[in-house]
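Structure first, commentary second.
Because the structure is predicted, anything quoted here is derived from the model rather than measured. One-based numbering along the sequence shown. Only this structure's heavy atoms are used, side chains among them; waters, hydrogens and symmetry mates stay out.
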Amino acid sequence: MTHRQIFRTLLLALAAATLLAACRKEEPIVPSTSTDVTDPNGPEGRIRGFFLLNEGNMGSNKATLDYFDYATGVYTKNIYAERNPGVVKELGDVGNDLQIYGGKLYAVINCSHFVEVMDVATARHITQISIPNCRYIVFRDRYAYVSSYAGPVQIDPNARLGYVAKIDTASLRVIDTCTVGYQPEEMVIVGKKLYVANSGGYRVPNYDRTVSVIDLDTFREVKKIDVAVNLHRLELDRYGQIWVSSRGDYYDVPSRTYVIDSATDEVVDEFKLLPNSEMTVCGDSLYLYSTEWNYHTQRNSISYAIVNVRTRKVVTRNFITDGTEQKIAIPYGVAVNPETHEIFVTDARDYVSPGTLYCFTPYGRKRWAVETGDIPAHIAFTHRALEPLGKPEP
């Protein structure tokens, strides 16, 4: 959920939340639906499939979970509800991140203020970890780290500093917090240092412009790296470089991409003509797209690119090579299968109706497409196939 979306939908969300609280318990469980999208007995390898978290429009309580199985070639929508019929309000409001670690599937549910923990083999609910306005999650050893805006979901020039919560993955409890910058977003870990991008998005136009560095031994912030306004995404490559996205101010300061050297904790490169909404690294390639909104023009500028992270050179300005990008209204997620190098791009379309997931070959030609839930966003590849639906637990 971007700050622009938050600003646009806040009033609608307040009204919708009241209605949902009154009627959600009486709603029937919507069953999953399955679609054959590709040949069964797909590519051999350790990756058996992937989960896709649909954010759902803010205030609608419609975050959902989909699953694709490589062995069968089947894509299944909305698997959480029927596997967890006893969970009130199902997955919650605005799914903001999805990761797998230690046999568990972690979904960060932003506006419901919790991290949903599931068994990765069954997608069955284990517990919820309460963290206000939680955003992203990363892992190291026996701990999970979650960025939190800390305050309520609202634009506020006096919004408080955010923090990173430390979770023991054995007890699934928050055991410590570390204060960072304003409205912290995505994180990466390098050795014993955790980096978090601070956006300051709630304090518009007074955005934050720093990346906080946390010492994991002391779990205290030891440095702030000045980068650019309204930071969001972080990606770590195999050379120890941290790629950073700045969303700009949506008026006169454009979105750009930066590089931090984790050995010196200094900015070593700036790509002025490389807008960046989301990115993912596979090998030496950084895949990214941009949906850059500008209030002067009242429109989005959409682009796709690949950067060689070793040379820091742009390889292509469009990794979709067959014209399919013309059908994608709002690119909202990107992922690359590290074994097959298939490229996945999600389309949020109009933000309120089912989206589309596109699968491209490594050469950028469409392999298949399928309907998803509302605002498809986050993909987590799994080495363990999802077990067939059996008798639900009470």
(request) For the residue pair N198 and T210, confirm or rule out a side-chain donor-acceptor distance under 3.5 Å. (result) yes
(request) Please check if the distance between the ring centroids of Y202 and Y207 is under 6.0 Å. (result) no
(message) Looking at F219, I'd like to know if the NZ or CZ of K166 sits under 6.0 Å from its six-membered ring centre while staying within 45 degrees of the ring's axis.
(response) yes
(message) Contact between P338 and I47 at the side-chain level, heavy atoms closer than 4.5 Å - yes or no?
(response) yes
Side-chain atoms of residues 354-364: list all donor-acceptor pairs with protein atoms under 3.5 Å, sequence neighbours left out, distances to 0.1 Å.
residue: T361; atom: OG1; partner: Y363; partner atom: N; Å: 3.2
residue: T361; atom: OG1; partner: G364; partner atom: N; Å: 3.4
residue: T361; atom: OG1; partner: R365; partner atom: N; Å: 3.2

(message) Between V204 and Y250, is there a side-chain heavy-atom distance shorter than 4.5 Å?
(response) no
(request) Could you tell me whether the side chains of H125 and E116 share a donor-acceptor contact shorter than 3.5 Å? (result) yes
(message) When you compare the side chains of T122 and E387, does any donor N or O come within less than 3.5 Å of an acceptor on the partner?
(response) no
(request) Please answer whether the main-chain N or O of T291 pairs with a side-chain N or O of S277 as donor and acceptor at a distance below 3.5 Å. (result) yes
(message) Check E266 with K223, please: is the shortest side-chain N to carboxylate O separation under 4.0 Å?
(response) no
(request) Start with the C-alpha gap between S255 and E292, add the side-chain angles, then the distance that decides, and say whether side-chain hydrogen bond (donor to acceptor under 3.5 Å, both in side chains) holds. (result) CA-CA 7 Å; S255 172; E292 186 179 16; 4.9 Å; no
(request) Report yes if some heavy atom in the side chain of M58 is under 4.5 Å from a heavy atom in the side chain of C111; otherwise report no. (result) yes
(message) Contact between I109 and L91 at the side-chain level, heavy atoms closer than 4.5 Å - yes or no?
(response) yes
(message) Can you tell me how far apart CE (M187) and CG (L236) are? Round to the nearest 0.5 Å.
(response) 13.5 Å
(request) Mark yes or no for whether Q326, through its side chain, and G323, through its backbone, hold a donor-acceptor pair below 3.5 Å. (result) no
(message) One thing to verify: whether R142 and D168 come together as a salt bridge, which I'm taking to mean a side-chain N less than 4.0 angstrom from a carboxylate O.
(response) yes
(message) Does R312, at its CZ atom, have more than 12 non-hydrogen atoms belonging to other residues, nucleotides or ligands within less than 6.0 Å?
(response) yes
(request) Specify the closest pair of heavy atoms between A197 and V211, including all atoms of both residues, with the distance to one decimal. (result) CA-CG2, 4.3 Å
(request) Answer whether the closest heavy-atom distance between the side chains of F51 and V120 falls below 4.5 Å. (result) yes
(message) Assess, by modelled atom type and distance only, whether the side chains of Y251 and N294 contain a donor and an acceptor separated by less than 3.5 Å.
(response) no
(message) Assess, by modelled atom type and distance only, whether the side chains of S60 and N57 contain a donor and an acceptor separated by less than 3.5 Å.
(response) no
(message) Looking at D347 and K327, is any side-chain nitrogen of the basic one under 4.0 Å from a carboxylate oxygen of the acidic one?
(response) no
(request) Indicate whether any N or O donor in one side chain lies under 3.5 Å from an N or O acceptor in the other, for E342 and T340. (result) yes
(request) Would you kindly say whether S212 and E221 are connected by a side-chain donor-acceptor distance under 3.5 Å? (result) yes
(message) Taking the side chain as everything from C-beta on, heavy atoms only, tell me whether D284 gets closer than 4.5 Å to D237.
(response) no
(request) Scan side-chain atoms only and decide if T64 and N54 contain a donor-acceptor pair under the 3.5 Å cut-off. (result) yes
(request) Mind jotting down which residue pairs meet the ring-ring contact (aromatic ring centres under 6.0 Å, His included) criterion with at least one end in residues 262-283? Sequence neighbours excluded, please. (result) W243-F271
(message) Suppose clustering is done on Ile, Leu, Val, Met, Phe, Trp and Tyr with side-chain heavy atoms closer than 4.5 Å. Which residues sit in the same group as V352?
(response) none
(request) Inspect the contact between R233 and E185 and indicate whether a charged nitrogen and a carboxylate oxygen are less than 4.0 angstrom apart. (result) no
(request) List, by chain and number, the other hydrophobic cluster members for Y101, where Ile, Leu, Val, Met, Phe, Trp and Tyr join if side-chain heavy atoms come within less than 4.5 Å, directly or indirectly. (result) Y106, V108, V115, V117, I126, I129, I131, I137, F139, V146, Y163, I167, L172, V174
(message) Closer than 3.5 angstrom, by distance alone: can the side chain of D322 be matched with the main-chain N or O of K366 as a donor-acceptor pair?
(response) yes
(message) Between R140 and L194 (side chain of the first, backbone of the second, donor and acceptor by atom type, cut-off under 3.5 Å), is there such a pair?
(response) no
(message) Distance alone, cut at 3.5 Å: any donor-acceptor contact between the side chains of Q241 and D261?
(response) no
(request) Indicate the atoms forming the closest heavy-atom contact of L386 with A123, along with that distance. (result) CD1-N, 3.9 Å
(message) Using every non-hydrogen atom in the two residues, find where S262 and I242 come nearest and quote the distance to one decimal.
(response) CB-CD1, 4.1 Å
(message) Heavy-atom count check: over 12 atoms from other residues, nucleotides or ligands less than 6.0 Å from R220 CZ?
(response) yes
(message) Please find the pair of heavy atoms, one from V267 and one from I260, that lie closest to each other, and give the distance.
(response) CG2-CG1, 4.1 Å
(message) Just so I know, are the side chains of S303 and R317 near enough to count as touching, which here means a heavy-atom distance under 4.5 Å?
(response) no
(message) Side-chain heavy atoms under 4.5 Å apart, restricted to Ile/Leu/Val/Met/Phe/Trp/Tyr: what other residues fall into the cluster of V30, or is it alone?
(response) none
(request) Answer yes or no: is there a side-chain heavy-atom contact under 4.5 Å between T177 and T179? (result) no
(message) Check this for me: does any side-chain nitrogen of one of R256 and E270 sit under 4.0 Å from a carboxylate oxygen of the other?
(response) yes
(message) Is a donor from one side chain sitting under 3.5 angstrom from an acceptor on the other, for H378 and Q99?
(response) no
(request) Kindly compute the distance separating CG (L231) from OH (Y195), expressed to the nearest 0.5 Å. (result) 14.5 Å
(request) Go through the side-chain N and O atoms of Y289 and N276 and say whether any donor and acceptor fall under 3.5 Å apart. (result) no
(message) Determine whether a donor-acceptor pair (N or O, by modelled atom type, separation under 3.5 Å) exists between the side chain of N318 and the backbone of T321.
(response) no
(message) Both conditions, 6.0 Å and 45 degrees, for the charged tip of R48 above the ring of Y70: are they met here?
(response) no
(message) Hydrophobic clusters here meaning ILVMFWY residues chained together by side-chain heavy-atom distances under 4.5 Å, can you tell me if M118 and I100 are in one?
(response) yes
(request) Please round to the nearest 0.5 Å and tell me the distance separating atom OH of Y67 and atom CG of L105. (result) 11.0 Å
(message) Quick one about E278 and Y332 (side-chain donor to acceptor, distance below 3.5 Å, no hydrogens or angles considered), yes or no?
(response) no
(message) Strictly below 4.0 Å, N to O, side chains only: are K192 and D215 in salt-bridge contact?
(response) no
(message) When you measure from the side chain of N110 to the backbone of H113, do you find a donor-acceptor pair of N or O atoms at a distance under 3.5 Å?
(response) no
(request) Report whether L98 and V370 are members of the same hydrophobic cluster (ILVMFWY, side-chain heavy atoms less than 4.5 Å apart, transitive linking). (result) no
(message) To check you understand the geometry: which heavy-atom pair defines the closest contact between Y149 and P184, and what is its length?
(response) CE1-O, 3.3 Å
(message) To the nearest 0.5 Å, what is the distance between CZ on R238 and SG on C282?
(response) 9.0 Å
(message) Do the side chains of D265 and K193 get close enough for a salt bridge, i.e. N-O under 4.0 angstrom?
(response) yes
(request) Considering non-hydrogen atoms only, spot the tightest contact between Y304 and E325 and give its length. (result) CE1-CB, 3.7 Å
(request) Would you check if the side chain of T346 reaches a backbone N or O of P376 as a donor-acceptor pair within less than 3.5 Å? (result) yes
(request) Taking R203 for its side chain and P157 for its backbone only, find out whether a donor-acceptor pair lies under 3.5 Å. (result) yes
(request) Assess the side chains of S34 and T76: does a donor N or O sit below 3.5 Å from an acceptor N or O? (result) yes
(request) Would you check if the side chain of N96 reaches a backbone N or O of R135 as a donor-acceptor pair within less than 3.5 Å? (result) yes
(message) Which residues pass the side chain to side chain contact (heavy atoms under 4.5 Å, CB included) test with I306, not counting sequence neighbours?
(response) S285, Y287, V315, T316, F319
(request) Please answer whether the main-chain N or O of I302 pairs with a side-chain N or O of N300 as donor and acceptor at a distance below 3.5 Å. (result) no
(message) Does either side chain, that of Y75 or that of D69, offer a donor lying less than 3.5 Å from an acceptor on the other one?
(response) no
